[in-house]
Amino acid sequence: MKFSGYRRPDGQVGTRNYIGVISTVVCANEVARGIADRVGGSVAFSHQQGCCQTPPDLNRVTQTLCGLGCNPNLASVLLVGLGCEGTEMPEVKQAIIDSGKKVETLMIQEEGGAAKTIAKGVLLAQEMAREASEMRTCECGSKDLVLGLKCGSSDTTSGLASNPALGVTVERLVDEDASVVMGEVTEFIGAEHIMAGHAKDEATGQKILDLVKRMEDRAKAVGVDMRGGQPTPGNIKGGLTTIEEKSLGAIAKAGNAEVQEVYEYGEKPGVKGLVVMDSPGREPELLTGLAAAGCNVITFTTGRGAPQGFPFVPVIKITGNEKTWNHLRDHMDLSVHEIMDGGESLVQAGDRIYDSIETVASGTKTKAEISGYVQAMDIYVTGPVI
Amino acid sequence: MKRHALVIKEQDNVATAIKDLSAGKEAVVGIGENTISILLTQDIALGHKFAVKEIAKGDDILKYNCVIGRATRDIKIGEHAHVQNLESLRGRGDL
């Protein structure tokens with residue numbers, strides 16, 4: 001794979017060159033958006049966290065913001081806080097400085113309210129946007145790609161067409177030394193032994209099993225056996241018989257690639273190849289986790305048609321459902337439905353997905369980027385709001 | 001030839017219908033680049049599975065060359081494989 005990317009001071013490669021206006025707490029979201037709306041080339045990242053939470057959650061939110069700020073798709077970063085939040089803005093600022101990127105900070109309470117903060121932020125972001133526009137791309141390769149995997153709004157076509165085709169792509173990419181991050185630990189349940197079997201060694205396999213057990217225990221801790229309703233009556237009506245079958249369809253998106261390591265939510269992989277990251281399956285939290293881990297492109301396989309993208313990482317929508325392809329064309333980037341009736345082989349479809357990743361990495365816009373369906377993001381928390 | 005159903009891995013003993021299929025008709029089943037023909041003994045709805053090999057009670061049901069459950073009775077070639085003759089081995093307190 002060859003693509004045109006932006007090489008950052010820390011060696012990571014961006015497939016985009018945005019100014020990130022990142023809110024460090026829910027109370028600063030309006031101001032972050034107010035700034036980004038007024039500066040071309042900038043994007044806002046907002047979320048619902050950052051205050052009145054337990055220390056493990058506050059720490060995870062801070063670490064996630066560090067990861068987002070260091071994502072190579074951002075040329076520079078403007079952090080916006082309120083001034084009394086629980087997240088550690090100095091720590092986030094330092095992490096971005098350490099990555100070699102420019103970062104500015106604004107506190108609404110110090111600046112004298114939203115209007116003044118937006119005015120100051122607009123001027124700061126304008127200068128950052130001008131500097132970013134002077135940056136040039138260079139030729140990059142598979143080893144510079146950090147691909148995130150997501151599947152959602154799945155149906156029977158997901159396990160038959162889109163996920164196995166993506167699995168072919170993933171096997172090819174890891175052979176070429178790319179990094180691939182897979183989350184959605186919830187959808188390992190019933191197939192975790194397969195994922196553990198794909199691990200590079202027994203210890204890594206055990207980490208996968210432990211992660212799945214931890215996810216399951218979290219659900220049980222609120223008094224619910226989440227497997228009680230799996231597969232759902234709708235799944236059964238659609239032909240999915242057991243939880244094993246449902247999860248096997250979901251994990252097919254990593255093919256038979258070997259799992260090299262297991263990471264916490266939003267943690268940046270320290271190795272090449274396929275890695276597993278702790279995360280739930282829901283879009284806002286998983287997409288954010290993948291971006292925080294440094295993913296510069298995300299593939300999103302879907303059956304019924306999920307529209308969400310991410311503010312500064314291109315999200316390629318791939319469906320195996322012909323009806324969804326025809327009906328939701330303004331959200332779907334690629335269809336592999338011809339696999340279903342033999343019109344295309346898995347390898348051919350996997351190669352098309354590979355080509356799509358290559359062109360999107362070079363700047364071709366995804367439907368989610370064009371439609372701007374990228375705002376409803378959040379950060380994964382496991383404790384109560386207090 | 002137009003395919004009616006797919007076998008994901010050649011080791012699998014079930015195929016998944018990619019169209020609504022009728023009893024008494026021959027289904028064209030894709031296995032990789034090849035196809036086989038299976039006479040269906042029951043109607044099979046889109047997304048549902050049927051046996052492509054003789055399956056005995058207690059046998060593992062294989063899809064993706066992985067165990068997705070166990071046969072609770074014999075399943076003949078062309079017969080619908082679903083909750084009435086196939087059970088999960090996971091997430092059960094009674095096993």
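Side chains are part of it too, since the values below use all heavy atoms of this structure and drop only hydrogens, waters and symmetry mates. Because the structure is a prediction, the values reported are computed rather than measured. We name chains A, B, ... by the order of the sequence lines, and we start the count at 1 in each one.
Under the 3.5 Å distance criterion, the side-chain polar atoms of B:Y64 are left unmatched by any main-chain donor or acceptor of A:E245. Of the possible donor and acceptor atoms, none in the side chain of B:H48 sits under 3.5 Å from a partner among the backbone N and O of A:L240.
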Practice problem: Start with the C-alpha gap between B:C66 and A:E244, add the side-chain angles, then the distance that decides, and say whether side chain to side chain contact (heavy atoms under 4.5 Å, CB included) holds. | Solution: CA-CA 9 Å; B:C66 292; A:E244 295 96 309; over 6 Å; no

Quiz item: Is there a side chain to side chain contact (heavy atoms under 4.5 Å, CB included) between B:E87 and A:T242 once you walk through the steps?
Solution: CA-CA 7 Å; B:E87 65 178 3; A:T242 63; over 6 Å; no

Exercise. Begin with the C-alpha distance, continue with both residues' side-chain angles, and end with the deciding distance and a verdict on side chain to side chain contact (heavy atoms under 4.5 Å, CB included) for A:T241 and B:I68.
Key: CA-CA 8 Å; A:T241 312; B:I68 63 160; 5.5 Å; no

Quiz item: Going through the checks in order, is the side chain to side chain contact (heavy atoms under 4.5 Å, CB included) test met by B:R3 and A:M340?
Solution: CA-CA 8 Å; B:R3 291 159 190 229; A:M340 301 283 284; over 6 Å; no

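Other residues, nucleotides and ligands place more than 12 heavy atoms under 6.0 Å from the CZ atom of A:R352. The number of heavy-atom neighbours closer than 6.0 Å to NZ of A:K200, taken from other residues, nucleotides and ligands shown, is above 12. The 12-atom threshold is exceeded at CZ of A:R329, counting heavy atoms of other residues, nucleotides or ligands nearer than 6.0 Å.
Heavy-atom distances place both the backbone and the side chain of A:L160 under 4.5 Å from chain B. Looking at B:L6, only its side chain comes within 4.5 Å of chain A, counting heavy atoms on both sides. Contacts between B:A81 and chain A at a heavy-atom distance below 4.5 Å involve the backbone alone (N, CA, C, O). With a 4.5 angstrom heavy-atom cutoff, A:N256 touches chain B only via side-chain atoms.
Of all the listed residues (A:A252, A:S247, A:G249, A:A161), the one sharing the greatest number of non-hydrogen pairs under 4.5 Å with chain B is A:G249. Looking only at heavy-atom pairs under 4.5 Å with chain A, the residue among B:H4, B:E33, B:K49 that has the most is B:K49.
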